[in-house]
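Everything on this sheet refers to the single structure shown next.
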There are 2 protein chains.
Amino acid sequence: MQELTSMRLTTQRQIILEELLKVTSHPTANEVYDMVRKRLPRIGLGTVYRNLELMAETGMILKLEVGGTQKRFDATVAPHYHIRCMECGKVDDIKMPVQEGINEIAAQVSHYQILGHHIEFTGLCSDCTGSQQKTSIN
Amino acid sequence: MQELTSMRLTTQRQIILEELLKVTSHPTANEVYDMVRKRLPRIGLGTVYRNLELMAETGMILKLEVGGTQKRFDATVAPHYHIRCMECGKVDDIKMPVQEGINEIAAQVSHYQILGHHIEFTGLCSDCTGSQQKTSIN
DNA sequence: TTCTGTCTTGAGATATGTTACCATATAATA
DNA sequence: TATTATATGGTAACATATCTCAAGACAGAA
């Protein structure tokens with residue numbers, strides 16, 4: 001685990017965080033790379049991955065490992081849920097109350113020590129509605 | 001979308017499904033490959049991927065795109081939730097009632113057409129408890 | 001049966017996403 | 001500043017997933 005105190009404040013880190021704070025779209029590492037490169041053309045993709053991972057470890061940002069193969073990153077660290085468009089893969093926030101009780105229910109029915117939960121809705125965004133109709137999974 | 005009727009029942013498909021039905025561990029494609037290879041040593045990894053994807057499309061099995069970068073597969077198709085061990089990555093079922101109401105809540109607060117949801121708990125499995133302590137995310 | 005067209009497979013090539021490595025550069029500190 | 005541990009950028013390596021295609025297997029027609 002990375003210590004917050006030992007993390008140097010480099011230009012790259014500042015800009016990565018700034019760019020992430022600008023958007024609510026939960027960009028992938030590669031999308032962050034594209035955003036940051038407009039201001040720091042010589043930044044390396046590895047630096048972006050390294051720092052996103054590091055910032056997620058320290059809790060500065062959130063790493064979402066939701067559907068789809070890529071990791072996504074979110075500067076909103078307060079607990080909240082997400083919805084993913086099955087058609088285009090876009091991920092948005094769902095502004096609904098956090099389901100407080102369900103961790104306790106889960107603790108009762110499993111042998112795990114519960115640390116948290118995440119709800120991911122699947123659906124069709126307004127751009128993709130119309131062209132597609134699929135059946136609900138659960 | 002693949003038609004169920006047009007899907008031939010090949011030895012490979014039978015064995016992939018049989019092996020998947022044997023376990024409750026939500027194996028990755030590669031783990032399925034290893035399991036199946038014990039009975040069909042000459043099967044190709046592509047065949048495993050192809051057929052898992054196909055069976056997921058027809059609804060014979062469930063494809064889980066939960067935390068972690070790899071896809072996992074589940075022969076239990078009835079709606080249910082999962083818990084993932086933060087330490088070893090293992091995924092287990094959580095036998096708790098499906099939260100019926102939350103799709104409607106989500107529909108009200110978003111512009112998406114809601115198709116479903118999935119809840120993923122994170123925690124520490126009984127094997128990993130003790131060595132680690134982490135703070136809850138949400 | 002044998003033929004014929006279609007579906008499926010296995011093997012390898014390719015694509016995609018991520019991490020590791022290392023020489024150089026740089027922020028923090030004394 | 002001079003020092004030094006840490007961070008960077010470029011590239012290679014790796015892991016996962018998908019694509020391609022010739023050869024094989026199968027179902028239905030002849």
Side-chain angles (χ1 to χ4, degrees), chain A residues 1-20 26-58 60-61 63-73 84 88-89 91, chain B residues 1-20 26-58 60-61 63-73 84 88-89 91:
Chain A
M1 171 70 81
Q2 179 72 18
E3 295 287 330
L4 240 176
T5 49
S6 71
M7 241 180 101
R8 286 187 187 165
L9 189 57
T10 63
T11 315
Q12 288 83 344
R13 278 178 192 156
Q14 269 178 268
I15 292 184
I16 288 170
L17 188 56
E18 279 174 28
E19 290 300 313
L20 201 53
H26 312 81
T28 62
N30 209 70
E31 286 165 354
V32 174
Y33 178 51
D34 285 340
M35 287 154 54
V36 170
R37 221 166 10 157
K38 290 181 184 147
R39 295 174 60 190
L40 282 179
R42 300 191 49 75
I43 196 172
L45 179 59
T47 304
V48 174
Y49 271 103
R50 206 187 301 123
N51 285 315
L52 287 172
E53 200 64 40
L54 229 46
M55 291 191 243
E57 273 186 31
T58 61
M60 296 168 69
I61 65 172
K63 176 170 63 172
L64 308 181
E65 301 187 2
V66 297
T69 326
Q70 299 169 70
K71 295 172 182 175
R72 292 176 173 272
F73 297 88
R84 181 169 52 98
C88 66
V91 176
Chain B
M1 172 69 80
Q2 178 71 19
E3 295 287 331
L4 239 175
T5 47
S6 71
M7 237 180 104
R8 287 186 187 162
L9 190 57
T10 63
T11 314
Q12 288 84 343
R13 281 179 191 154
Q14 266 179 270
I15 292 184
I16 288 170
L17 187 58
E18 278 174 28
E19 290 300 313
L20 203 53
H26 312 82
T28 62
N30 210 69
E31 286 165 354
V32 174
Y33 178 51
D34 285 341
M35 288 154 54
V36 170
R37 222 168 5 161
K38 290 180 184 147
R39 296 173 60 190
L40 282 178
R42 301 192 48 75
I43 197 172
L45 179 58
T47 303
V48 174
Y49 271 104
R50 205 186 301 124
N51 284 316
L52 286 172
E53 201 65 40
L54 228 48
M55 290 193 253
E57 273 186 30
T58 61
M60 296 169 68
I61 66 172
K63 175 170 62 172
L64 308 182
E65 301 187 1
V66 298
T69 325
Q70 299 168 70
K71 294 172 183 173
R72 292 175 172 272
F73 297 88
R84 182 168 52 98
C88 65
V91 177

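A, B, ... follow the sequence lines: proteins, then strands. Residue 1 opens every chain.
Between the side chain of Arg72(B) and the backbone N or O of His26(B), at least one donor-acceptor pair lies under 3.5 Å. At distances below 3.5 Å, not a single donor-acceptor pair connects side-chain atoms of Glu53(B) with backbone N or O atoms of Arg50(B).
Between Ile16(B) atom CD1 and dG10(C) atom C1' the separation is 12 Å, expressed in whole Å. Across the protein-nucleic acid pair, Arg37(A) atom CZ and dT8(D) atom C1' stand 16 Å apart, rounded to whole Å. To the nearest angstrom, P of dA25(D) lies 16 Å from CD of Gln14(B). For the pair Tyr33(A) OH and dT16(C) P, the computed distance is 16 Å after rounding to whole Å. Atom CD1 in Ile15(A) sits roughly 12 Å away from atom P in dA27(C) (whole-Å rounding). As a whole-Å value, the separation of Leu9(A) CG from dA25(C) P is 21 Å. Straight-line distance from the CG atom of Asn51(A) to the C1' atom of dT8(D): 9 Å, rounded to whole Å.
Applying the side chain to side chain contact (heavy atoms under 4.5 Å, CB included) test between Ile15(A) and each of Val36(A), Asn51(A), Ile43(A) identifies Val36(A) as the sole match.
Salt bridge annotation for Glu19(B)-Lys38(B): absent, with no cationic side-chain nitrogen under 4.0 angstrom from a carboxylate oxygen.
An OP1 or OP2 oxygen of dT8(C) is reached within less than 4.0 angstrom by a side-chain nitrogen or oxygen of Arg13(B). A sub-4.0 Å separation between OP1 or OP2 of dT8(D) and a side-chain N or O of Thr10(A) is present.
You won't find any donor-acceptor pair under 3.5 Å spanning the side chain of Arg8(A) and the base of dT8(D), going by distance alone.
The shortest side-chain heavy-atom distance between Leu54(A) and Arg13(A) falls under the 4.5 Å cut-off. Under the 4.5 Å side-chain criterion, counting only non-hydrogen atoms from C-beta, Leu40(B) is not in contact with Ile16(B).
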- Along nucleotides 9-23 of chain D, 5' to 3', which nucleotides get a B, which get an S, and which get a -, given that the test is a protein heavy-atom distance under 4.0 Å? BS-----SBB-----

